[in-house]
There are 2 protein chains.
Amino acid sequence: MTELRNTKQRIAVTAALSATDRFQSAQELHLAVALAGHSVGLTTVYRTLGALADSGDVDTVISTDGQVLYRRCIEPSHHHHLVCRDCGRTVEVEGPQVEKWADAVATANGYVDVSHTLEIFGRCSACATLRTPS
Amino acid sequence: MTELRNTKQRIAVTAALSATDRFQSAQELHLAVALAGHSVGLTTVYRTLGALADSGDVDTVISTDGQVLYRRCIEPSHHHHLVCRDCGRTVEVEGPQVEKWADAVATANGYVDVSHTLEIFGRCSACATLRTPS
DNA sequence: ACCTAGTTGACAACGGTTTTCATTTTCGAC
DNA sequence: GTCGAAAATGAAAACCGTTGTCAACTAGGT
């Protein structure tokens, strides 16, 4: 069915993903690949990330301003993210009781085919010390 | 400070918001206003919705494809939403234990200035019966 | 009625993402 | 190794939701 080929471009993109533990936009990753010395078209970056997201190899988060952020998946099972608003540094978190609560609420209201999005945004300690309030 | 005036445009937009309990995009609301017989510019719809969102009079949700959906707020306190993927029909839900869990996880990891997004998406019973699987 | 700061809307601009399509590349078959 | 079909690439254009521009308009106090 799906025939995937090993191209230098895909290798470069996955390498860039593996080089960081932060959520990054497609454009940031495109820049990261360029800085790593490889030339990959922006279109290809988008396509590669889309494919990886479909296959579940990267996690995606929609930032509060609507753009998609990507990050390589460490924990393969279902989990959520604690993301730094400034630098993207991320901690994977799990909340089994939250999952159960969400499903229970949905079925109690007659909703089927249920999914949920749960992300926690904040400022990590490193970024918090940088921008000290007045 | 903020001096708000009562214009027919704002009245028309808030009326359209009050006429439904569903999450709708700015463009859908713009159409709804037009169908209601009023002529309001799309720019004004966006501005009005933005203002209402800032003042907390409407809830906003970012759909999975990145666009902003608006809905008039029934419950003024902090809550989350169970949204139908197809028609936007929405139930407001509360999960105090989830709030506490999110804050605890964030502070345990040294994150400050914490917020979170939690939305449940599914298919409401009405829409579920419409598109019966094969 | 008048004044003025707030408001409107047609249109252009913006920015992230997707599509197009001609060219290039991978990789199994020979 | 090399051939060739299918997959992949990338530059540019299209897309689409959203925001900015700015001249004309209006609500509401005096």
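First the proteins, then the strands, lettered A, B, ... as listed; each starts at 1. Source: prediction; values computed, not measured.
Atom pair A/Ile11:CD1 and C/dC27:C1' shows a separation of 14 Å (rounding to whole Å applied). Distance A/Leu49 CG to D/dT9 P: 12 Å, rounded to the nearest Å.
B/Leu130 contributes atom CG, which lies 10.5 Å from atom CZ of B/Arg123 (distance to the nearest 0.5 angstrom).
Take A/Ser77 and apply the side chain to side chain donor-acceptor pair (under 3.5 Å) test, not counting sequence neighbours, and it matches A/Glu75. A/Cys87 pairs by the side-chain contact (heavy atoms from CB on, under 4.5 Å) definition with A/Arg22, A/Cys84, A/Arg89, A/Cys124, A/Cys127, not counting sequence neighbours. Residues that satisfy the side chain to side chain donor-acceptor pair (under 3.5 Å) test with A/Asp103, not counting sequence neighbours, are absent from this structure. Residues satisfying the side chain to side chain donor-acceptor pair (under 3.5 Å) criterion with A/Asp21, sequence neighbours excluded, are absent altogether.
Grouping Ile, Leu, Val, Met, Phe, Trp and Tyr by side-chain contacts under 4.5 Å, direct or through others, puts A/Ile62 with B/Ile62.
Interface residues of residues 15-42 of chain B facing DNA chain C, ordered by number: B/Ser39, B/Val40, B/Gly41; criterion, heavy-atom separation under 4.0 Å.
Set against D/dG17, D/dG10, C/dT8, the side chain of B/Thr44 has C/dT8 as its closest nucleotide.
Residue pairs that meet the side chain to side chain donor-acceptor pair (under 3.5 Å) test with at least one member in residues 64-74 of chain B, sequence neighbours left out, are B/Ser63-B/Asp65, B/Arg71-B/Glu92. The ring pair (Phe, Tyr, Trp, His ring centres under 6.0 Å) pairs that include a residue from residues 23-56 of chain B are B/Phe23-B/His81, where partners are two or more places apart or lie in different chains.
Between B/Gln67 and A/Gln9, it is A/Gln9 whose nearest contact on DNA chain D lies nearer the 5' terminus.
In terms of phosphate contacts, A/Tyr46 brings no side-chain nitrogen or oxygen within less than 4.0 Å of OP1 or OP2 of C/dT18.
Not a single donor-acceptor contact under 3.5 angstrom links the side-chain atoms of B/Arg10 to the base of C/dG6. For A/Arg47 against D/dG10, a side-chain-to-base donor-acceptor contact under 3.5 Å is present.
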Could you run down the sub-3.5 Å N/O contacts of the protein with nucleotides 27-30 of chain D?
from   : atom 1 : to     : atom 2 : distance (Å)
D/dA27 : OP1    : B/Lys8 : NZ     : 3.1
D/dA27 : N3     : B/Arg5 : NH1    : 3.2
D/dG28 : OP1    : B/Asn6 : N      : 3.1

